[in-house]
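The structure appears right after this line, and notes come after that.
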Amino acid sequence: MTLKSALVIRHVHFEDLGTFAAPLRRAGYQIEYRDVGAEGFLDFAPEVPDLLVVLGGPLGVYEELAYPFLVREIDVLETRLASSRPTIGICLGAQLIARASGARVFPSGFKEIGFDPVSLSDAGRASALRHLDGVPMLHWHGDTFDLPAGATLLASTSRTVQQAFSIGSTVLGLQFHPEADAGPAFERWLVGHACELTAAKIDIAKLRRDAADVCPALAIAADAMVTEWLEQVHAG
């Protein structure tokens, strides 16, 4: 079998593909991470990878002066979206897709951190996100965005309207983190974001317990969601 290419832009090392990695490999993808700070990490033809995944990170899309690579990353996504090639954005990745689509990205005024289910729209229930229904998802963000023109809203929470969207059948933006490995590896998130958690007055012990409680169901739901989404993309 000829392997397909999945290029993954990773902004912080512990926010990786997590539970998405196994279904991608089963679907015949060879995974290549492109890490922020590595020389030439954005030097690739945007339309070439069979799948592009843009992961999360603790910075704002609008912070181009502090993080100049964001300008190139948005350019990459603009070209990618114009080609309608399969693309997934998670948290910061979804915000970057929104920005590349011409939508406004801005601070929400609060931190949404913790495990809670999302409310699926009718379109969401008819999509691969149906596997996430009723399963607590990891939320970890302080920014939000307007729904891009031509996009379909798939999921919301009571605090954040734009939690998931699709653009056509090949682009998926997820504000929350279904990919997060909520098992022992979740400790990396707690350590890596220690300052943010303290500033937001998050009960870290409770967050750890919640992760352990939801881990099995979250992993199963995320695997099923990605598997179905890839099948739909390939069928199209």
Side-chain angles (χ1 to χ4, degrees), residues 5-21 24 29 31-46 49 51-81 85-101 103-108 111-113 137-145 148 160 162-165 171-182 185-197 199-200 202 207 211 222 226:
S5 59
L7 195 149
V8 183
I9 298 176
R10 180 166 54 183
H11 300 96
V12 289
H13 203 73
F14 57 86
E15 291 196 33
D16 54 22
L17 281 174
T19 58
F20 281 16
L24 284 178
Y29 284 92
I31 295 167
E32 177 189 353
Y33 282 102
R34 293 295 186 100
D35 290 309
V36 168
E39 185 175 356
F41 80 101
L42 291 174
D43 291 345
F44 61 91
L51 174 66
L52 178 65
V53 182
V54 185
L55 297 171
L59 61 156
V61 168
Y62 42 80
E63 295 183 280
E64 300 102 323
L65 292 179
Y67 304 99
F69 70 84
L70 288 169
V71 175
R72 169 62 181 158
E73 196 164 352
I74 292 166
D75 287 344
V76 165
L77 280 167
E78 287 178 352
T79 302
R80 180 75 181 183
L81 295 174
R85 297 278 276 158
T87 305
I88 300 175
I90 301 173
C91 198
L92 174 61
Q95 296 161 16
L96 285 162
I97 290 175
R99 173 69 174 272
S101 301
R104 183 175 61 117
V105 181
F106 54 96
S108 61
K111 292 287 186 179
E112 188 172 23
I113 299 176
M137 296 288 117
L138 176 63
H139 303 272
W140 203 307
H141 62 93
D143 288 345
T144 188
F145 49 88
T160 304
Q162 320 296 354
Q163 282 285 358
F165 64 88
V171 178
L172 180 63
L174 303 167
Q175 176 67 67
F176 53 97
H177 289 275
E179 89 294 354
D181 183 344
F186 188 63
E187 199 68 24
R188 299 178 301 167
W189 288 66
L190 302 180
V191 173
H193 291 307
C195 293
E196 182 182 14
L197 290 171
I202 300 297
L207 189 58
V226 172

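Here salt bridge (Lys or Arg N to Asp or Glu O under 4.0 Å) pairs that include residues 59-73, with residues two or more places apart or in two chains, are E64-R99.
T19 places no side-chain N or O within 3.5 Å of a backbone atom of D181 that could act as its donor or acceptor partner. The backbone N or O of E179 sits nowhere less than 3.5 Å from a side-chain atom of H177 that would complete a donor-acceptor pair.
Nearest approach of H141 to C91, heavy atoms of both residues: CB-SG, 4.1 Å. Scanning both residues, G89 and I97, for their nearest heavy atoms gives N-CD1, 3.5 Å. The shortest non-hydrogen separation linking L77 to L52 is CD2-CD2, 4.0 Å. Minimum interatomic distance between Y62 and V105 (heavy atoms only, all atoms of both residues): CD2-O, 3.7 Å. Nearest approach of H11 to L55, heavy atoms of both residues: ND1-O, 3.0 Å. Taking every heavy atom of both residues into account, L42 and V76 meet most closely at O-CG2, 4.2 Å.
Taking CG from L59 and CD from Q95, the interatomic distance works out to 9.0 Å, rounded to the nearest 0.5 Å. Atom CD of Q175 and atom CZ of F145 lie 5.0 Å apart (nearest 0.5 Å). Taken to the nearest 0.5 Å, the CG atom of L197 stands 9.0 Å off from the SG atom of C195.
Of the candidates V8, L96, L7, V54 forms a side chain to side chain contact (heavy atoms under 4.5 Å, CB included) with just one, namely L96.
T87 is linked by a side-chain hydrogen bond (donor to acceptor under 3.5 Å, both in side chains) to R80, counting only residues two or more places apart in sequence or in another chain. With sequence neighbours left out, the salt bridge (charged side-chain N to carboxylate O under 4.0 Å, His left out) criterion links E78 to no other residue. A search for ring pair (Phe, Tyr, Trp, His ring centres under 6.0 Å) contacts involving F44 returns nothing, not counting sequence neighbours. Applying the side-chain contact (heavy atoms from CB on, under 4.5 Å) criterion to A45, with sequence neighbours excluded, gives E47, V48. Partners of A6 under the side-chain contact (heavy atoms from CB on, under 4.5 Å) rule, at least two apart in sequence or in another chain, are Y29, I31, L51. Partners of E15 according to the side-chain hydrogen bond (donor to acceptor under 3.5 Å, both in side chains) rule, which considers only residues two or more places apart in sequence or in another chain, are H193. Contacts of S101 classified as side-chain hydrogen bond (donor to acceptor under 3.5 Å, both in side chains), with partners at least two apart in sequence or in another chain: none. The side-chain hydrogen bond (donor to acceptor under 3.5 Å, both in side chains) check on D75 picks up nothing, with sequence neighbours excluded. For F20, the ring pair (Phe, Tyr, Trp, His ring centres under 6.0 Å) criterion is met by no residue, not counting sequence neighbours. Residues passing the side-chain contact (heavy atoms from CB on, under 4.5 Å) test with F106 are R104, T144, D146, sequence neighbours excluded. The salt bridge (charged side-chain N to carboxylate O under 4.0 Å, His left out) search around D16 returns R188, not counting sequence neighbours.
When side chains are defined from C-beta on, L207 counts as touching I113, because their heavy atoms get closer than 4.5 Å.
A centroid separation of 6.0 Å or more is found between the aromatic rings of F14 and F186.
Ring geometry for H139 versus F176: interplanar angle of 30 to 60°, hence tilted.
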Candidate pair E112 and W140, rule side chain to side chain donor-acceptor pair (under 3.5 Å), full reasoning: CA-CA 6 Å; E112 188 172 23; W140 203 307; over 6 Å; no

Stepwise side-chain contact (heavy atoms from CB on, under 4.5 Å) check, E196 with K111: CA-CA 9 Å; E196 182 182 14; K111 292 287 186 179; 2.9 Å; yes

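Within the cation-pi definition used here (under 6.0 Å to the ring centroid, within 45° of the axis), R10 qualifies as a partner of Y33.
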